[in-house]
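All values below come from the heavy atoms of this structure, side chains included, with hydrogens, waters and symmetry mates left out.
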Amino acid sequence: MLLRRCGTDALLVEVDSLTEVAAVRAALHGLPGIEELVPAARTVLVKGSLQHVREALKDVDLTHAPATESREVTIPITYDGPDLDLVAETAKISPAEVVELHTAATYEVAFCGFAPGFGYLTGLPPQLQQPRLDSPRTKVPAGSVGIAGEFTAAYPRATPGGWRLIGRTEITLFDPKAETPALLAPGDQVRFVVA
């Protein structure tokens, strides 16, 4: 674990895996004086209460994240994405089995980024862990559900993207006018169901 000072009141905690990110996030969650806690794939940015943060990180066990209370979010999906057949062919299973595998898993929001409301979900079954497209699309429609590497996600708005698209959802993932604009937050448990 490496700590890098960011300005006068923040630290960037660098670690080696998503498990270590989750362990750091869990250790710092709810610590008095913390103003912001922003996990990413291999880092956690924390703002505020730096002395308490340093103390809390001295004894953190990076090998596993302690269980924390989490919200459960269910997202209905219509599985008709343009890459559903490609994903099935790559996994050597049928499109119906892709849907079965994708809906059987429980996912966790590891971190958010790329675009407001875009949550990177871990827990994707190994058969569905596939590379990005060789050539990204210039525009992925809002609500598209895709997979890339170890992650699955839903696009909150139209953006370029290279993930393999297996379906779409009508649910609002980001509303800037809402009290809590993003539907998903790190630590949330997510299940996909057939719409």
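Taking CG from L57 and NE2 from H52, the interatomic distance works out to 12.5 Å, rounded to the nearest 0.5 Å. Note: I166 CD1 to D80 CG = 10.5 Å, rounded to the nearest 0.5 Å. Here CG of D85 is found 10.5 Å from OG1 of T90. Values are rounded to the nearest 0.5 Å. Once rounded to the nearest 0.5 Å, the distance linking CD of E150 with CG of L121 reads 11.5 Å. A distance of 6.5 Å separates OG1 in T152 from CD1 in I147, rounded to the nearest 0.5 Å. We find the CG-CD distance between L84 and E89 to be 11.5 Å, quoted to the nearest 0.5 Å.
Taking the charged nitrogens against the carboxylate oxygens, R137 and D83 do have a contact shorter than 4.0 Å, which makes a salt bridge. Salt bridge absent: E108 and R191 never bring a charged side-chain N and a carboxylate O closer than 4.0 Å. Note on R168 versus E170: salt bridge recorded, some NZ/NE/NH1/NH2 to OD/OE distance being below 4.0 Å.
Alongside F114, the hydrophobic cluster contains L18, F111, F118, Y120, V140, F151, Y155, W163, L165 (criterion: ILVMFWY side chains under 4.5 Å).
V73 and L173 end up in the same hydrophobic cluster when Ile, Leu, Val, Met, Phe, Trp and Tyr side chains are linked at under 4.5 Å. Taking hydrophobic clusters as Ile, Leu, Val, Met, Phe, Trp and Tyr residues chained together by side-chain heavy-atom distances below 4.5 Å, I171 shares a cluster with I77. Linking Ile, Leu, Val, Met, Phe, Trp and Tyr whenever their side-chain heavy atoms come within less than 4.5 Å leaves V109 and V38 in two separate clusters. In the hydrophobic clustering of this structure, V46 groups with L31; members are Ile, Leu, Val, Met, Phe, Trp, Tyr whose side-chain heavy atoms approach within less than 4.5 Å, directly or through other members. Taken together through direct or relayed side-chain contacts under 4.5 Å among Ile, Leu, Val, Met, Phe, Trp and Tyr, L12 and I34 form parts of separate hydrophobic clusters.
With contacts defined as side-chain heavy-atom distances shorter than 4.5 Å, the pair P186/P39 qualifies. Between L3 and E14, the closest side-chain pair of non-hydrogen atoms is not below 4.5 Å. Looking only at side-chain heavy atoms (C-beta outward), D16 and M1 stay at 4.5 Å or farther from each other. You'll find the side chain of L62 reaches within 4.5 Å of the side chain of V24, heavy atoms only. Here the side chains of V194 and P76 are not in contact, with every heavy-atom distance at 4.5 Å or above. For the pair H102/L124, a side-chain contact is recorded, criterion being any heavy-atom separation below 4.5 Å from C-beta on.
Applying the ring pair (Phe, Tyr, Trp, His ring centres under 6.0 Å) rule to F174 yields no partners; only residues at least two apart in sequence or on another chain are considered.
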**OP:** Please step through side-chain contact (heavy atoms from CB on, under 4.5 Å) for the pair L128 and V87, ending with a clear verdict.
**Re:** CA-CA 7 Å; L128 300 182; V87 170; 4.0 Å; yes
Subject >> Intermediate values then yes/no, side-chain contact (heavy atoms from CB on, under 4.5 Å), V145 and Y79 >> reply: CA-CA 9 Å; V145 176; Y79 285 93; 5.6 Å; no
**OP:** Assess whether side-chain contact (heavy atoms from CB on, under 4.5 Å) is satisfied between L101 and I93, documenting all intermediate values.
**Re:** CA-CA 10 Å; L101 283 171; I93 58 178; 3.7 Å; yes
Original post:
Are V53 and L28 close enough, and set up right, to give a side-chain contact (heavy atoms from CB on, under 4.5 Å), and what steps lead you there?
Top reply: CA-CA 7 Å; V53 168; L28 301 180; 4.1 Å; yes
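The number of heavy atoms from other shown groups lying within 6.0 Å of CZ (R4) does not exceed 12. Residue E72 places its CD atom among 12 or fewer non-hydrogen atoms of other residues, nucleotides or ligands, all under 6.0 Å distant. Heavy atoms of other residues, nucleotides or ligands lying less than 6.0 angstrom from CD of E97 number more than 12.
The two residues C112 and A185 have their closest heavy-atom pair at SG-CA, 4.4 Å. Between P116 and P156, the closest heavy-atom pair is O-CG, 3.2 Å. What you find for T169 and A154 is that their closest heavy atoms are CG2-CB, 4.3 Å. Residues L184 and R71 approach most closely at CA-NH2, 4.1 Å, considering heavy atoms. For the pair A182 and G117, the tightest heavy-atom approach, listed with the atom from each and the gap, is CB-CA, 4.1 Å. Taking each heavy atom of V21 and A41 in turn, the nearest pair found is CG2-O, 3.5 Å.
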